[in-house]
Amino acid sequence: MNFKSTLSLASCTAGALGMIAGSLVVTTAPAQAQVAVCPSLGQLWSAFKTTPCRVGDKLFTFNSSSPAAVDNGSTLISETVLANFDVHSLTYRPQPTLTQASGTYILEYTVEIVDDPLTIGVDESLTKEFSRFSSGYTATGGFDLGILLDQTAWSSGFGTGLIGTSTASSATNSTGTIVQVPHGIGKLFVRDTVSVSDPNGILNSLSNDFIQREKSVPEPSALLGLGLLGLGGLISKTRRRG
């Protein structure tokens with residue numbers, strides 16, 4: 001092969017490699033959204049909208065909110081560790097405080113059990129599941145009037161797989177009802193709807209609490225029994241075919 005032939009082959013090879021590289025660039029998946037540790041002193045809701053954050057083994061991700069005044073508020077996501085379980089809470093504080101003139105506020109986000117990077121060798125997403133959640137609010141003393149907070153959660157998406165609604169209101173109590181979560185759910189799609197119907201009502205903050213439990217794992221003897229049953233069925237089928 002002469003020099004010109006060699007140069008021509010090299011050019012073709014380089015062109016082909018360029019086409020392959022170009023196709024790889026086009027088909028490369030977009031980078032994953034950045035995840036931060038939830039600020040211990042809280043953050044503006046507008047900051048939470050742009051960056052998912054985590055506390056321990058819980059990841060909180062914004063979905064939507066309205067009206068635009070929601071962005072003026074702040075949120076604090078925290079963890080309280082107790083003897084037998086821990087509680088993860090999201091607290092939203094509107095700015096200014098929520099009154100009748102503010103209309104209805106809607107906040108949507110997801111909370112998910114994930115692997116805690118500070119826990120070596122343990123994947124909480126495999127060993128834990130949500131057990132219950134509840135809502136609550138704080139109001140200026142003497143102005144707990146006309147407040148209604150509904151915290152609704154779904155298991156498969158917003159509006160899909162309804163789990164239940166925790167309600168806190170002036171007519172009942174500032175601490176909302178407790179909603180039990182079925183087994184096997186490690187991610188909740190949460191929507192808070194809050195309003196003040198009385199002209200003298202003032203809401204300072206609302207909160208959502210989440211508690212998890214350990215997943216139930218069958219005893220080794222039970223697993224062995226299931227294995228033997230499966231093996232017996234396989235032997236039976238083999239004999240019938242013979």
Side-chain angles (χ1 to χ4, degrees), residues 29-30 32-38 45 48-66 70 75-82 84-92 104-117 119 122-137 148-169 172-173 175-195 205-218 222-223 226:
Q32 293 291 325
Q34 182 180 2
V35 176
V37 175
C38 299
W45 182 262
F48 175 58
K49 288 176 64 174
T50 60
T51 306
C53 69
R54 66 188 303 161
V55 173
D57 62 352
K58 301 296 186 297
L59 173 66
F60 292 79
T61 306
F62 169 83
N63 182 67
S64 69
S65 59
S66 65
V70 170
T75 182
L76 172 64
I77 300 175
S78 59
E79 177 184 20
T80 303
V81 179
L82 302 175
N84 298 320
F85 57 86
D86 56 353
V87 182
H88 282 76
S89 303
L90 181 145
T91 300
Y92 171 75
T104 300
Y105 272 33
I106 299 176
L107 302 84
E108 289 186 346
Y109 63 92
T110 61
V111 54
E112 182 178 5
I113 300 174
V114 295
D115 182 25
D116 185 350
T119 306
V122 178
D123 189 347
E124 282 83 359
S125 63
L126 299 177
T127 61
K128 295 180 181 178
E129 60 188 11
F130 285 106
S131 62
R132 56 192 184 275
F133 66 86
S134 63
S135 61
Y137 66 83
L148 176 62
L149 166 62
D150 285 335
Q151 177 197 359
T152 302
W154 295 268
S155 61
S156 303
F158 293 97
T160 305
L162 176 64
I163 297 174
T165 299
S166 173
T167 298
S169 70
T172 57
N173 196 304
T175 300
T177 51
I178 297 175
V179 178
Q180 302 295 328
V181 179
H183 287 282
I185 296 177
K187 182 175 183 179
L188 299 175
F189 297 78
V190 182
R191 175 185 297 157
D192 283 299
T193 305
V194 60
S195 61
S205 68
L206 64 87
S207 62
N208 297 163
D209 295 332
F210 304 94
I211 297 176
Q212 82 287 325
R213 60 176 166 245
E214 298 292 330
K215 286 185 177 180
S216 56
V217 180
L223 293 175
L226 290 174

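Along the sequence shown, residues carry numbers from 1.
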What residues, two or more places apart in sequence or in another chain, satisfy side-chain contact (heavy atoms from CB on, under 4.5 Å) together with Thr75?
Gln43, Trp45, Phe48, Ile77, Leu90
How would you list, by chain and number, every residue that makes a side chain to side chain donor-acceptor pair (under 3.5 Å) with Ser207, sequence neighbours excluded?
none
Identify, with sequence neighbours excluded, every residue that meets side-chain contact (heavy atoms from CB on, under 4.5 Å) alongside Thr51.
Ala36
With side-chain contact (heavy atoms from CB on, under 4.5 Å) as the test, would you mind laying out the steps for Arg54 and Val35 before giving the verdict?
CA-CA 7 Å; Arg54 66 188 303 161; Val35 176; 4.2 Å; yes
Kindly say whether His183 contributes a backbone atom to a donor-acceptor pair with the side chain of Glu129 at under 3.5 angstrom?
no
Distance col, row Lys215:NZ vs Ser131:OG, nearest 0.5 angstrom, shows 13.0 Å
Where do Ser169 and Leu148 come nearest, in terms of heavy atoms and distance?
CB-CD1, 3.9 Å
Would you check if Phe133 and Val181 make a side-chain contact, meaning some heavy-atom pair closer than 4.5 Å?
yes
So that I can tick it off, tell me whether Glu112 and Lys58 are bridged by a salt bridge, with the cut-off set at under 4.0 angstrom between side-chain N and carboxylate O.
no
Can you find a pair of side-chain heavy atoms, one from Leu59 and one from Val111, that are under 4.5 Å apart?
no
Begin with the C-alpha distance, continue with both residues' side-chain angles, and end with the deciding distance and a verdict on side chain to side chain donor-acceptor pair (under 3.5 Å) for Asn208 and Tyr92.
CA-CA 9 Å; Asn208 297 163; Tyr92 171 75; over 6 Å; no
Between Tyr109 and Phe210, how do the two ring planes meet: parallel, tilted or perpendicular, split at 30° and 60°?
perpendicular
So which atom in Phe130 and which in Gly186 form the shortest heavy-atom distance, rounded to 0.1 Å?
CE1-O, 3.4 Å
When rounded to the nearest 0.5 Å, the distance separating OG1 of Thr127 from CZ of Arg213 is 13.0 Å
Non-neighbouring partners of Asp209 that pass side-chain contact (heavy atoms from CB on, under 4.5 Å), sequence neighbours left out:
Val87, Ser89, Ser134
I'd like to check the side-chain contact (heavy atoms from CB on, under 4.5 Å) partners of Arg132; sequence neighbours left out, ordered by chain and number.
Phe85, Ile178, Gln180, Ile211
Show me, pair by pair, the donor-acceptor contacts under 3.5 angstrom made by side chains of residues 152-163, not counting sequence neighbours?
from	atom 1	to	atom 2	distance (Å)
Thr152	OG1	Thr165	OG1	2.8
Ser155	OG	Gly161	O	3.2

Identify, with sequence neighbours excluded, every residue that meets salt bridge (Lys or Arg N to Asp or Glu O under 4.0 Å) alongside Arg191.
Glu108
Can you list the residues that meet the salt bridge (Lys or Arg N to Asp or Glu O under 4.0 Å) rule with Lys49, with sequence neighbours excluded?
Asp71
From Ser135 atom OG to Leu149 atom CG, the distance as rounded to the nearest 0.5 Å:
4.5 Å
Is a side-chain donor-acceptor pair under 3.5 Å present for Asp57 with Gln212?
no
Please name all residues satisfying side chain to side chain donor-acceptor pair (under 3.5 Å) with Thr91, sequence neighbours left out, ordered by chain then number.
none
Do Thr193 and Asp150 have a side chain donor and acceptor closer than 3.5 Å?
no
Using a 4.5 Å cut-off on heavy atoms from C-beta on, say whether the side chain of Val194 contacts that of Thr104.
no
List in chain and number order the residues that pass side chain to side chain donor-acceptor pair (under 3.5 Å) with Thr61, two or more places apart in sequence or in another chain; answer none if no residue qualifies.
none
Looking at Ser166 and Val179, what are the two nearest heavy atoms and their distance?
N-CG2, 3.7 Å
Just so I know, are the side chains of Thr110 and Phe62 near enough to count as touching, which here means a heavy-atom distance under 4.5 Å?
no
Hey, are the side chains of Asp192 and Tyr105 touching, using non-hydrogen atoms and a 4.5 Å cut-off?
no
Could you list the residues that satisfy side chain to side chain donor-acceptor pair (under 3.5 Å) with Ser66, not counting sequence neighbours?
none
Is the side chain of Glu79 donor-acceptor paired with the backbone N or O of His88 at a distance under 3.5 Å, no angle test?
no
